[in-house]
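Following: one structure in structure tokens, then a few remarks.
Protein chains get the first letters and strands the later ones, always in sequence-line order, with residue 1 at the start of each. Both backbone and side-chain heavy atoms feed into the values below; hydrogens, waters and symmetry mates do not.
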Protein chains: 2
Amino acid sequence: MMTLRQLRYLAAIAETRHFGRAAALCHVTQPALSMQLQELEHMLGCRLVERRRNAVDLTAEGQEVAQRAAAILAAVADLEDYARREKPPLIGVLRLGIIPSIAPYLLPRALPLLHDRFPQLDLRIRETQTAPLVEELIRGDLDLIVAALPIDRPELETLNAFEDRFLVARQTRAGARADARMEPAALASEHLLLLEEGHCLRDQALSVCGALSSNIHMAFGASSLSTVMHLVANGYGITLLPEMAADMERTDRVELIRFTDPEPVRTIGIAWRRSSSRRSDAAALAKVLLDARA
Amino acid sequence: MMTLRQLRYLAAIAETRHFGRAAALCHVTQPALSMQLQELEHMLGCRLVERRRNAVDLTAEGQEVAQRAAAILAAVADLEDYARREKPPLIGVLRLGIIPSIAPYLLPRALPLLHDRFPQLDLRIRETQTAPLVEELIRGDLDLIVAALPIDRPELETLNAFEDRFLVARQTRAGARADARMEPAALASEHLLLLEEGHCLRDQALSVCGALSSNIHMAFGASSLSTVMHLVANGYGITLLPEMAADMERTDRVELIRFTDPEPVRTIGIAWRRSSSRRSDAAALAKVLLDARA
DNA sequence: AGGCACGATAAGTTTATCTTATCGTCATGA
DNA sequence: TCATGACGATAAGATAAACTTATCGTGCCT
């Protein structure tokens, strides 16, 4: 088997035309270099270096081999450079999962930003609920997922991107002040409309209203926030709306009311396999999401 | 230091996506491959392979590195192929020395043949007497020399190409038969004209007439055969003419007479440094010279 | 003739690399 | 649910590769 070491020694000889100086160049003793070169010649089945009384020269084959060796060593050096260099994030294929209560509100602003800042990124987006996203991520079918944290899986790491307030959405009522705040307890008498099972938003809303759960009348789960908001607009009940959806879901027939402090929030973040090397991609993406939200 | 071995192992993993099978592919055990791969990752400072529960995959960096590794390994394989392949002779630069009593007669026929059969040959010709040719050959300033053999130097090897008869050249005499032969002893009464000191041809001619040397009247040495032949044509004496020069030097005023058997000859051959790898070039050139003489 | 420069060779040591054995974790299946 | 098998990591000891120091042989130079 040929070794890079042998090629390095040959290159040194090509450069110095002297065994001793070549050895010094390689930080080994002359016999070590002599023997490796002999081994190389024996392996290739031809003499590469002509040892003469006064001088050392490459044979015709030696010159060609040394030239190829130099090219190989350069390629090796390039490889090392490449691997050791801080690699810019978000380059190449990125399979990104994102949940339905984020995607339609954040992506329209985030995608142009991403494309702008990371033109070499080749994004493959998958939208579904948290549980399947996590499974696909762990299985290796996704590289990153954007979802509500925490996600507690030992094989995953996560990074918080930003917090997203919950607002109360209810049918517009005459005489309501625009800057009014509402206590969670005030929801006790309302009919709470939620997304269908499996959406983390449903669980989070229930959690916000946890203390009052016995008082809440739950509607059958809807499959999209947009549907829920139509129900709300028509007086079927109230719902908790993530603030990031406010712009898109706002209508005259619904008023959006902030909670009193401390306002309940959901934490939006990014998760990736601990064993993957996507931390820097996640960090870069988190920044883009934060900027997109502003 | 990165090693080719590590690159080979990485390539095997890229191919199999499985440590055990990759190890089998490399004819080593799995721990050996695992450790070399870890060493490579540690050296490059980034993870190349993602070890997951069920599967193994290359990271983004791993894919790039594996691609470069494959290119490097291919270049190494090409180098080995190149070096091990029987290399066609007479390619590239060849610094050829040739003596003056051969060059003008053989080269006009040999050069077109050479160019025809070995178009990639880049020939650098030097013409001088044997002694300086041998010195330059040994010093490494020439690759091959064409001269009269034997040349006895321990650092040189030689190959006979062909033999070249000596003819007697004398002023044309009335009544001479065209197919007459001559005994060397018949030269005893003649005035022998020779090249100047240093030409091997001079020594060879003297050697042919060695037994009669006391009887021979020697002219001052001329510097070319052509000059000698002019002297012969004008009746200043006779000379020994190598047969290969006969065509070119023949005139009506000179007759060329063969010796009786065994005809004296000089041996034309090729010499090269034992330490160089020019044997195959020498062999190929010898064949061309032989063909050129025909 | 003696000293020096240079690459080859020999012997012994150090370093790399490999093998065998084993662990820990996860997935599978009765 | 517990046993089993697959897989990569790790540990310890063995083997092989590579190196160092010392020395040789040869040619060159003063």
- Item | Contacts of Met43(A) that satisfy side-chain contact (heavy atoms from CB on, under 4.5 Å) - sequence neighbours left out |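 Result, side-chain contact (heavy atoms from CB on, under 4.5 Å) vs Met43(A): Met2(A), Gln6(A), Leu40(A), Arg84(B).
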- Message: Please list, in numerical order, the residues of residues 10-20 of chain B that have a heavy atom closer than 4.0 Å to any atom of DNA chain C.
- Response: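 Within residues 10-20 of chain B, no residue comes under 4.0 Å of DNA chain C.
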Rounded to the nearest angstrom, tell me the gap between atom [atom1] in [X] and atom [atom2] in [N].
X         : N       : atom1 : atom2 : result
Met1(B)   : dA18(D) : CE    : P     : 15 Å
Arg139(B) : dG27(D) : CZ    : P     : 18 Å
Met35(B)  : dG13(D) : CE    : C1'   : 12 Å
Leu33(B)  : dG8(D)  : CG    : P     : 10 Å

- Range on DNA chain C touched by chain B - first to last nucleotide, heavy-atom distance under 4.0 Å: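 Under 4.0 Å from chain B, the extent on DNA chain C is dT17(C) to dA27(C).
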- Taking five pairs at each end of the helix from dA1(C)-dT30(D) to dA30(C)-dT1(D), what angle separates the two helix axes (nearest 10°)?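 End-to-end axis angle: 10°.
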- Message: With heavy-atom distances below 4.5 Å as the criterion, would you say the side chains of Leu96(B) and Arg124(B) are in contact?
- Response: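 No; the side chains remain at least 4.5 Å from each other.
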- So do the side chains of Ile138(A) and Arg153(A) get within less than 4.5 Å of each other, counting heavy atoms only?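 Yes, close enough: below the 4.5 Å cut-off.
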- Query: Which pair of non-hydrogen atoms, one from Asp143(B) and one from Trp272(B), has the smallest distance, and what is that distance?
  - Reply: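 Distance-wise, the nearest heavy atoms are O-CB, 3.7 Å.
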- Message: Can you give me the closest heavy-atom contact between Leu149(B) and Ile270(B), atom names plus distance?
- Response: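 It is CD1-N, 4.2 Å.
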- Salt-bridge test for Glu61(A) and Lys87(B): reply yes if a basic N is under 4.0 Å from a carboxylate O, no otherwise.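 Answer for the salt bridge query: no.
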- Without swapping roles, check the side chain of Arg95(A) against the backbone of Gly140(A) for a donor-acceptor pair under 3.5 Å.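 Yes, because the side chain of Arg95(A) sits within donor-acceptor range (under 3.5 Å) of the backbone of Gly140(A).
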- Give a yes or no on whether the backbone of Leu195(B) and the side-chain of Arg202(B) come within a donor-acceptor separation of less than 3.5 Å.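 Yes: the side chain of Arg202(B) pairs with the backbone of Leu195(B).
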- Item | Most 5' of Glu155(A) and Pro31(B) on DNA chain C, judged by nearest nucleotide |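 Of the two residues, Pro31(B) wins.
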- Cut-off 3.5 Å, side chains only: do Thr59(B) and Glu50(B) have a donor facing an acceptor?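 No.
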- Message: Apply side chain to side chain donor-acceptor pair (under 3.5 Å) to residues Ser34(B) and Gln38(B) and explain how you reach the verdict.
- Response: CA-CA 6 Å; Ser34(B) 279; Gln38(B) 284 178 50; 5.2 Å; no
- For Arg266(B), which residues count as a salt bridge (charged side-chain N to carboxylate O under 4.0 Å, His left out) partner, sequence neighbours excluded?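 Per chain and number, Arg266(B) pairs via salt bridge (charged side-chain N to carboxylate O under 4.0 Å, His left out) with Asp164(B).
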- Message: Return the SG to CD1 distance between Cys200(B) and Ile102(B), rounded to the nearest 0.5 Å.
- Response: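 CD1 of Ile102(B) is found 7.0 Å from SG of Cys200(B).
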- Interatomic spacing from SG in Cys46(B) to OH in Tyr82(A) - rounded to 0.5 Å: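 Output value for this atom pair is 7.0 Å.
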- Check each residue of residues 36-70 of chain A for a non-hydrogen atom within less than 4.0 Å of any atom in DNA chain D, then write out the ones that pass by number, or none.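 Result for residues 36-70 of chain A: Gln36(A), Arg53(A), Asn54(A), sorted by number.
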